[in-house]
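Take a look at the structure below.
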Amino acid sequence: MLAETPAPGRVRPATLAVACAAPLLALVNYTVPMVTLPETARALDAGPTGPVWMLNSVTLGLAVSLLLAGGFADDHGRRRVYALGMASLAVSSAIVALSDGVPVFVFGRFAQGVASAAVLAASLGIVGHAYPAGPERLRATGRYGAMLGLGIAVGPLVSGGLAALSSWRSVYWVMGGAAAALAVLAVRTLPESRAAKRRRLDVPGTVTLTLGLAALVTGVTEGRLGWTRPVVLAAFAAAALLLIAFALVETRRREPLIDMDLFRHPPFVAATGGALVTGVAIIGLMSYLPSVLQLSLGMTPVGTAALLAVWSGASFVSALLTPRVRLATRARLALGLLLAAAGSLPLLGTVAHWSAAPVIAGLLVAGIGSGLINASLTHLAIESVPSHWVSMGSGANNTARYVGSSVGAALMAAVVGGHGLAAGTDITIIGYAVVAALAAALIRFAPS
């Protein structure tokens, strides 16, 4: 068993504040194109296929990098990876702001995803190391999880507001400046921590996982333009072969990228499975909903961002208050999934017959559930792995979340495209609510 470098006797407030800035900035970065994509696509002459990759390239960067970044942070230093990630986010944000065409924009967003993966994995590892166990860890992870909701709320509002005042490029300059400032602040304020023994780089695992996830996200992204196209079928076939190869490789490695025995550990399965379902059934739904409302009801980008802020704002408050919910972590996660499912049901019929009151009420309930989910998943991600692998636990959890969100949004787009806006949206809402409710039951009643 590897030994973790000891945590400081007293954690400075700045450590938690700087660590919690990472999910806030990463989620702002993730959500900024949601309301400015039409304007950006016109400015860059994106054509019919460009907008799909402009929106999803950041997800590709996140998916292929999160687990790798987590292992690197545990082995080489969490503060180091955090600072390098923030510096990379600053540079990649400048690339996006200066882009003069779709290829440069997509490359910049992919690089932003890689940088975001580094700061997400390292920052939660920093929290896990600074707060080894007990009520203080629960409060710290609640605050960390709250930043996920706040980032989703702030991103579209800031992006839409700056676009109205200046242009769509403005928000990326702001992002770059904030990331650069946090890189400097991290070096000056964060304590360094790492596992006592550095593992060898798992080259076969790294190659098969990276290529497998890249193929999966490529298939999901291209699938929005037609699921039977040769490029989509080839991508899914490659993803299946590569991910199976990754699992086989990892079972034979002395120092694997991820210990496959963790999947026999119920808390880790609950954390990873819960993150995957959250990505598919909750983030996937809420990511695509603004587009549906704009197309069906003629809402403005700022209007849909404000409506989405009801959900994400409730999530922020709920996550902060999660430590006061006197339930075990897995029970809180199950409750959050149930509330998120129940809150989505008042959205049924919205496209055909808009009514503000039930929609807002449903978004509030769903937001409360999402806050419980974010805080619980954050806690489970570091509780369910050995202390020297806390960043790896964060990477695995967030990989499941962001791959799931890409799949969830793509499936909703496919259903809406096949059944029309009204019927397709309702079918998706019901399907995702059932998935979330079933996951809640499995998580709650699975053996410990």
Side-chain angles (χ1 to χ4, degrees), residues 26-65 88-117 155-156 158-160 162-164 166-176 179 210-211 213-227 229-232 234-236 238-239 284 287-288 290-292 294-295 301 304-305 402-403 405-410 412-414 416-417:
L27 267 293
V28 168
N29 175 61
Y30 184 77
T31 56
V32 288
M34 286 183 179
V35 297
T36 59
L37 184 63
E39 177 189 349
T40 308
R42 286 194 299 270
L44 300 179
D45 194 20
T49 61
V52 177
W53 278 106
M54 291 169 69
L55 193 61
N56 287 283
S57 49
V58 70
T59 304
L60 177 60
L62 280 161
V64 302
S65 306
S88 300
L89 186 56
V91 173
S92 55
S93 296
I95 292 173
V96 177
L98 293 169
S99 59
D100 58 357
V102 173
V104 177
F105 184 95
V106 168
F107 170 77
R109 287 292 286 167
F110 173 82
Q112 282 187 317
V114 174
S116 297
V158 170
S159 179
L162 288 174
S166 178
S167 78
W168 61 267
R169 300 179 189 270
S170 303
V171 68
Y172 296 105
W173 287 119
V174 173
M175 284 279 303
T210 301
L211 294 179
L213 289 176
L216 176 61
V217 175
T218 298
V220 168
T221 302
E222 288 289 335
R224 294 192 183 198
L225 306 174
W227 294 98
R229 297 163 62 218
V231 65
V232 176
F236 283 140
S287 296
Y288 198 74
S291 298
V292 170
Q294 289 178 35
L295 289 171
T304 53
Y402 289 107
V403 169
S405 69
S406 180
V407 171
M412 184 170 182
V416 168

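- Distance alone, capped at 3.5 Å, is enough to place a donor-acceptor pair between the Ser170 side chain and the Ser167 backbone.
- Side-chain atoms of Ser159 come within 3.5 Å of backbone N or O of Val32 as a donor-acceptor pair.
- Looking at heavy atoms from C-beta onward, Val64 lies in side-chain contact with Phe110 at the 4.5 angstrom threshold.
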Set out, in order, the CA-CA distance, both residues' side-chain angles and the distance that settles side-chain contact (heavy atoms from CB on, under 4.5 Å) for Trp53 and Val102, then state yes or no. CA-CA 9 Å; Trp53 278 106; Val102 173; 5.8 Å; no
Please assess Val158 against Val174 for the test side-chain contact (heavy atoms from CB on, under 4.5 Å), listing each intermediate value before the final yes or no. CA-CA 10 Å; Val158 170; Val174 173; 5.5 Å; no
Please test Ser405 against Tyr30 for side chain to side chain donor-acceptor pair (under 3.5 Å), starting from the C-alpha separation and ending with a verdict. CA-CA 11 Å; Ser405 69; Tyr30 184 77; 3.0 Å; yes
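- The backbone N or O of Leu89 sits less than 3.5 Å from a side-chain atom of Ser92, completing a donor-acceptor pair.
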Go through the steps to decide whether Asn56 and Arg109 satisfy the test side chain to side chain donor-acceptor pair (under 3.5 Å), and finish with yes or no. CA-CA 8 Å; Asn56 287 283; Arg109 287 292 286 167; over 6 Å; no
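- No more than 12 heavy atoms of other residues, nucleotides or ligands shown are found within 6.0 angstrom of CZ on Phe107.
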Please evaluate residues Asn29 and Val58 with respect to the criterion side-chain contact (heavy atoms from CB on, under 4.5 Å), reporting the C-alpha separation (whole Å), side-chain torsions for both, the decisive distance (0.1 Å), and the verdict. CA-CA 9 Å; Asn29 175 61; Val58 70; 3.9 Å; yes
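- Relative ring orientation between Trp168 and Phe105 is described as perpendicular, the plane-to-plane angle rising above 60° on a 0-90° scale split at 30° and 60°.
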Determine, stepwise, if the pair Ser57 / Gln112 fulfils side-chain contact (heavy atoms from CB on, under 4.5 Å). CA-CA 9 Å; Ser57 49; Gln112 282 187 317; over 6 Å; no
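- The minimum heavy-atom distance between Met54 and Leu37, with the atom names listed, is CB-CD1, 4.0 Å.
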